[in-house]
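These notes concern the structure reproduced below.
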Amino acid sequence: MTSSASSSADFHVLDGDTPVGEGRVALVFEYNGSGFHGWQYQKSGIPSIEGHLQQACSKVANHEVELVCAGRTDAGVHASAQVVHFDTPVSRSMRSWVMGINTALPPGIGVRWAGNMDDAFHARFSAVSRRYRYIIASQAVRPAIGQDCVSWTYRVLDSDAMNRAAQYLVGEHDFSAFRAAGCQSKSPFRNVHAVTVTRHSAYVVIDIQANAFLHHMVRNIAGALMAVGSGEHPEHWIRDILSLGDRRKAAVTAPPNGLFLVNVGYPQAFGLPCEAPGPAFIEPWMSPDQQRPIPGQRYEHAGASE
């Protein structure tokens, strides 16, 4: 089946006429991860994104569906543009898929788009990049509003120093120093396409894209950059711990609540919708350059996890 995604690749319009289904279907969706035990389905019945979404999709499809996700996220981590695919013999309109699934979902999860994809499309293995943003409230007192969507430090962070230090991470490296002990990836090598750190009033935003990420890699990088921003370590410390490849030499893992998956990049031929990276509440802070796509490249040995 050929992709019909490009003809309806608009998050703001729910097409009620064009049929979607009878083959591979992709969904783009968002979630607030604070009420869930991460993406992955939990047999114990603990709430998970996958468990709720799979149940809702199966209800609309009227058969059990199996979801394939672009990249798993941990408990407390959010997404503004996560991607899954599933196969179905039934056909519904885009509006019916989106509205029907959302009706069956809890408030913290929302599907934004549905479309047909080529059979060759794979939500995980077709992806050429993942982009995350880590948001930190850098102020004397903890925020009461939106605290589940930002990390907090009472220290005043030097975002310029953090940005300079972050440039040591760009390129393909062994990221063992920033990988969780339980990471199951076969290779510690990842290619960081770009990373920037900017301040917006009391908030500091780390914006990072790579071909893929190791388990806890973004949160470990955020913790290390915060240590530089607070003056605990010099900028070249990031280069030093990267070259050492020893997780024990790096900083603590930053909390999950400030982390958002904001984009999954695919070859244009698949026709998935492309929108400025979120989350929506920080978009007014960002410059046009900061909201543009970051060029990436496929690296066949990489997996996808954070």
Side-chain angles (χ1 to χ4, degrees), residues 3-5 8-16 18 20-21 24-42 47-61 64-88 92-117 121-124 126-127 129-133 148-149 256-257 259-266 270-283 304-306:
S3 172
S4 65
S8 56
D10 189 342
F11 281 123
H12 307 290
V13 177
L14 291 181
D15 189 340
T18 304
V20 174
R24 184 147 297 179
V25 174
L27 303 177
V28 179
F29 62 105
E30 63 184 15
Y31 50 87
N32 181 322
S34 59
F36 306 98
H37 196 72
W39 159 258
Q40 195 165 7
Y41 175 77
Q42 304 291 318
S48 68
I49 309 296
E50 182 181 21
H52 283 292
L53 186 59
Q54 185 165 297
Q55 185 177 33
C57 291
S58 299
K59 183 176 181 180
V60 177
E64 289 294 322
V65 303
E66 182 177 348
L67 301 179
V68 177
C69 183
R72 293 173 293 179
T73 54
D74 286 337
V77 176
H78 319 291
S80 61
Q82 177 67 279
V83 179
V84 296
H85 83 255
F86 62 91
D87 296 322
T88 179
R92 309 274 190 264
S93 70
M94 178 197 290
R95 182 178 181 84
S96 295
W97 281 115
V98 173
M99 300 302 289
I101 294 171
N102 284 345
T103 299
L105 286 171
I109 313 171
V111 174
R112 304 180 61 200
W113 179 89
N116 272 122
M117 305 304 297
F121 174 81
H122 192 284
R124 181 183 179 189
S126 297
S129 65
R130 284 89 177 166
R131 185 172 180 178
Y132 284 86
R133 281 176 169 168
D148 60 337
C149 290
N257 46 302
L259 184 60
F260 289 79
L261 173 63
V262 300
N263 179 263
V264 183
Y266 295 95
F270 286 123
L272 264 79
C274 183
E275 190 177 58
F281 72 89
I282 75 165
E283 289 180 19
S305 180
E306 172 49 44

Checklist entry - Are any of the side-chain heavy atoms of Pro47 and His37 separated by less than 4.5 Å? => result no

Checklist outcome for this item: Applying side-chain hydrogen bond (donor to acceptor under 3.5 Å, both in side chains) to Ser96 and not counting sequence neighbours gives Ser93

Checklist entry - With side chains defined as the heavy atoms from C-beta onward, is the minimum distance between Met94 and Thr18 less than 4.5 Å? => result no

Checklist entry - Can you check whether Leu27's main-chain N or O pairs, donor with acceptor, with Trp113's side chain at less than 3.5 Å? => result no

Checklist entry - Any sub-3.5 Å donor-acceptor pair from Asn102's side-chain atoms to Val111's backbone N or O? => result yes

Next on the checklist: I need the Leu261 CG to Asn263 CG distance, nearest 0.5 Å.
Outcome noted: 8.0 Å

Checklist entry - Does His52 have its ring centroid less than 6.0 Å away from the ring centroid of Phe36? => result yes

Next on the checklist: Nearest 0.5 Å, please: how far is CD in Glu30 from OG in Ser80?
Outcome noted: 7.0 Å

Checklist entry - Does Ser58 use its side chain to pair, donor to acceptor, with the backbone of Val65 at less than 3.5 Å? => result yes

Item to check | Side-chain donor or acceptor of Glu50 paired with backbone N/O of Tyr41 under 3.5 Å | outcome: yes

Checklist entry - Between the main-chain N or O of Asp148 and the side-chain N or O of His78, is there a donor-acceptor pair closer than 3.5 Å? => result yes

Checklist outcome for this item: Applying side-chain hydrogen bond (donor to acceptor under 3.5 Å, both in side chains) to Asp87 and not counting sequence neighbours gives Arg24

Item to check | From Asp74 atom CG to Trp39 atom CH2, the distance as rounded to the nearest 0.5 Å | outcome: 13.5 Å

Checklist entry - When you measure from the side chain of Gln55 to the backbone N and O of Ala104, does any donor-acceptor pair fall under 3.5 Å? => result no

Item to check | Which atom of Val262 lies closest to which atom of Ala81, heavy atoms considered | outcome: O-CB, 3.5 Å

Checklist entry - Looking at side-chain heavy atoms only, is the closest gap between Phe29 and Ile109 below 4.5 Å? => result yes

Item to check | Exercise: identify the closest heavy-atom pair between Ala123 and Ala127 | outcome: O-CB, 3.9 Å

Checklist entry - Looking at CD of Glu66 and SG of Cys57, how far apart are the two atoms once the value is rounded to the nearest 0.5 Å? => result 12.5 Å

Checklist outcome for this item: Val25 and Asn116 have their tightest heavy-atom pair at CG2-ND2, 4.2 Å

Next on the checklist: Side chains of Leu272 and Met117, heavy atoms from C-beta outward: is any pair under 4.5 Å?
Outcome noted: yes

Checklist entry - Going through the distances and angles, do Val68 and Val84 end up as a side chain to side chain contact (heavy atoms under 4.5 Å, CB included)? => result CA-CA 5 Å; Val68 177; Val84 296; over 6 Å; no

Next on the checklist: Just verifying a value: how many Å separate Phe260 CZ and Tyr132 OH, rounded to the nearest 0.5 Å?
Outcome noted: 12.5 Å

Next on the checklist: Could you work out, with side-chain hydrogen bond (donor to acceptor under 3.5 Å, both in side chains) as the rule, every residue matching Arg92, not counting sequence neighbours?
Outcome noted: none

Item to check | Arg131 side-chain N/O to Val264 backbone N/O, donor-acceptor pair under 3.5 Å | outcome: no

Checklist entry - Any chance the side chains of Tyr266 and Ser129 put a donor and an acceptor closer than 3.5 Å? => result no

Next on the checklist: Nearest 0.5 Å, please: how far is CZ in Arg124 from SG in Cys69?
Outcome noted: 9.5 Å

Checklist entry - Nearest heavy-atom pair of Leu105 and Ala56: which atoms, and what distance? => result CD2-CB, 3.7 Å

Checklist entry - Aromatic rings Phe121 and His85: how do their planes relate, parallel, tilted or perpendicular, breaks at 30° and 60°? => result perpendicular

Next on the checklist: Please determine whether a side-chain nitrogen of the Lys or Arg among Arg112 and Glu275 lies less than 4.0 Å from a carboxylate oxygen of the Asp or Glu.
Outcome noted: yes

Checklist entry - How about Pro273 and Val28: do any of their side-chain heavy atoms sit closer than 4.5 Å? => result yes

